Amino acid sequence: MSKALDGVRILDFTHVQSGPTCTQLLAWFGADVIKVERAGAGDITREQLRDIPDADSLYFTMLNHNKRSITIDTKNPEGKKVLESLVKKCDVLVENFAPGALDRMGFTWERIQELNPKMIVASVKGFGPGPYEDCKVYENVAQCAGGAASTTGFDDGPPVVSGAQIGDSGTGLHLALGIVTALYQRNATGRGQKVLAAMQDGVLNLCRVKLRDQQRLERTGTMKEYPQYPNGTFGEAVPRAGNASGGGQPGWILKCKGWETDPNAYIYFITQAPVWGEICKVIGKEEWIDHPDFRTPAARLPHLKGIFAEIEQWTMTKTKFEAMEILNQHDIPCGPILSMKEIAEDPSLRKTGTIVEVDHPVRGKYLTVGNPIKLSDSPTDVVRSPLLGEHTDEVMAELGYSPDQVATLRSLGAI
Ligand code: CAO
């Protein structure tokens with residue numbers, strides 16, 4: 001079956017996590033992704049957090065499936081020429097170097113346009129134009145600068161960063177959408193363009209509801225679904241809301257049977273208004289259904305802490321899976337807190353291709369997260385990540401270099 005991005009060629013100049021997430025997605029949709037790496041070194045993540053000596057790390061393999069790898073020293077004059085021929089041949093150049101690195105290499109926007117006016121140049125940077133535009137940025141810096149850390153955690157604790165890589169993988173997703181959109185516009189204009197996804201912007205986009213709450217707080221001085229209401233205090237900025245739901249239906253994380261020894265024996269419980277009666281029946285508090293303190297969502301808000309404490313008395317008598325099964329029979333929204341071990345072993349995620357087992361010639365079998373976006377006409381086959389320079393000869397031949405020329409360039413250290 002054909003793939004959605006068949007025929008699209010990507011010059012993948014990305015490293016670490018944010019850029020590689022983006023190009024991996026494009027590869028899964030069928031683009032030919034040619035990853036350019038420095039000979040002898042490659043993407044720094046190949047050797048970071050290694051669990052098997054001399055094998056590409058899981059950090060690298062899990063972010064670079066379905067790509068080809070070519071080594072080029074782009075600071076070597078002959079290597080630069082090879083990169084130029086790649087620029088001429090590709091549709092998109094994706095990079096996430098520190099600000100200015102591509103220019104210093106000699107590949108300014110103007111130069112790239114000269115070489116290929118149809119080229120789309122897509123970049124991840126830490127910050128957009130402004131006071132911090134020249135800064136190098138990693139995941140947690142973006143989470144802090146984008147509003148995630150100040151709004152995550154508990155009121156009496158410090159800001160907290162999330163395990164979800166919203167700064168890196170989140171921005172990679174944003175960039176992928178920008179690239180596909182620019183490709184679509186190019187069909188009409190015939191021109192390339194620059195695509196920028198700044199990590200601070202990406203994180204802020206994912207924290208949109210907190211900017212909503214900032215404005216609600218400034219207007220009314222309070223937010224009744226936050227744990228600070230009614231007995232705590234609100235300051236000038238959106239506070240950390242613990243495990244409170246970010247939406248209009250109050251929720252909290254509650255202990256389940258076994259919580260004393262299992263750090264993940266918890267369930268997320270949402271007191272969705274339409275099923276309030278069902279919740280009361282399940283936990284044995286029928287008298288709450290018509291009680292003036294509990295009858296309506298507004299009446300319940302000042303009592304949420306007590307309500308969740310009572311519900312927890314019930315959830316603590318069930319495992320998270322037992323609770324899930326009973327609550328779902330009553331259409332009560334809830335979710336077990338799943339450990340990574342449980343997720344890795346989940347047969348249904350294997351069946352959908354969301355968790356995939358991949359075989360690698362050096363490291364052997366490992367698990368990865370497959371394409372989370374499923375297209376009915378463009379299925380994803382996850383192919384192992386390339387070894388460093390595995391496709392150098394193949395790509396050089398496609399660029400028109402003879403084996404002798406390749407050998408010469410290799411001896412010069414250009415590739
Ligand atoms: N041949 C020759 N030189 C190469 C090369 C190649 N194939 N590939 C890269 N280089 C050079 C670059 O030109 C750059 O050289 P100069 O500094 O002399 O211009 C150098 O390698 C290192 O690039 P870098 O500054 O991007 O790398 P770093 O490890 O110092 O910084 C990071 C890493 C992530 C902080 C920085 O790249 C960055 O801020 N990127 C933008 C934001 C981002 O994506 N952050 C996410 C990180 S996790 O996903």
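The structure presented is a predicted model; accordingly, all values stated were derived computationally and were not measured. Remember, it's 1-based here, ligands and their atoms both numbered in the order they're listed.
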Could you give the side-chain donor-acceptor pairs of residues 206-213 under 3.5 Å, partners two or more places apart or in another chain?
unit_1 : atom_1 : unit_2 : atom_2 : d
Arg208 : NE     : Asn205 : OD1    : 3.3
Arg208 : NH2    : Asn205 : OD1    : 2.8
Lys210 : NZ     : Tyr226 : OH     : 3.3
Arg212 : NE     : Val209 : O      : 3.4
Arg212 : NH1    : Gly246 : O      : 3.4
Arg212 : NH2    : Gly246 : O      : 2.7
Asp213 : OD1    : Arg216 : NH1    : 2.8
Asp213 : OD2    : Tyr226 : OH     : 2.5

- State whether Lys341 and Glu345 are salt-bridged, where the test is any N-O pair (Lys NZ or Arg NE/NH1/NH2 against Asp/Glu carboxylate O) under 4.0 Å. yes
For ligand 1, output the ligand-protein N/O contacts shorter than 3.5 angstrom; if there are none, return none.
unit_1   : atom_1 : unit_2 : atom_2 : d
ligand 1 : 1 (N)  : Thr74  : N      : 3.0
ligand 1 : 1 (N)  : Thr74  : OG1    : 3.1
ligand 1 : 7 (N)  : Ile72  : O      : 2.9
ligand 1 : 15 (O) : Lys75  : NZ     : 2.9
ligand 1 : 18 (O) : Lys75  : NZ     : 2.6
ligand 1 : 19 (O) : Arg104 : NE     : 2.8
ligand 1 : 19 (O) : Arg104 : NH2    : 3.2
ligand 1 : 21 (O) : Arg38  : NH2    : 3.0
ligand 1 : 26 (O) : Ala98  : N      : 2.7
ligand 1 : 30 (O) : Lys136 : NZ     : 2.5
ligand 1 : 37 (O) : His15  : NE2    : 3.0
ligand 1 : 37 (O) : Asn96  : O      : 3.3
ligand 1 : 37 (O) : Ala98  : N      : 3.1
ligand 1 : 39 (O) : Val137 : N      : 3.1
ligand 1 : 40 (N) : Asn96  : O      : 2.9
ligand 1 : 40 (N) : Phe97  : O      : 3.4
ligand 1 : 44 (O) : Ser18  : OG     : 2.9
ligand 1 : 44 (O) : Asn96  : ND2    : 3.0
ligand 1 : 45 (N) : Val137 : O      : 2.7
ligand 1 : 49 (O) : Gln17  : N      : 2.8
ligand 1 : 49 (O) : Ser18  : N      : 2.7
ligand 1 : 49 (O) : Asp168 : OD1    : 3.1
ligand 1 : 49 (O) : Asp168 : OD2    : 3.4

- Cationic N near anionic O, under 4.0 Å, Arg384 to Asp359: no
- Query: Mind checking what makes ring-ring contact (aromatic ring centres under 6.0 Å, His included) contact with His174, not counting sequence neighbours?
  - Reply: none
In residues 126-135, what donor-acceptor pairs under 3.5 Å come from side-chain atoms, sequence neighbours left out?
none

- Message: Under 3.5 Å, is there a donor on one side chain and an acceptor on the other for Lys67 and Thr23?
- Response: yes
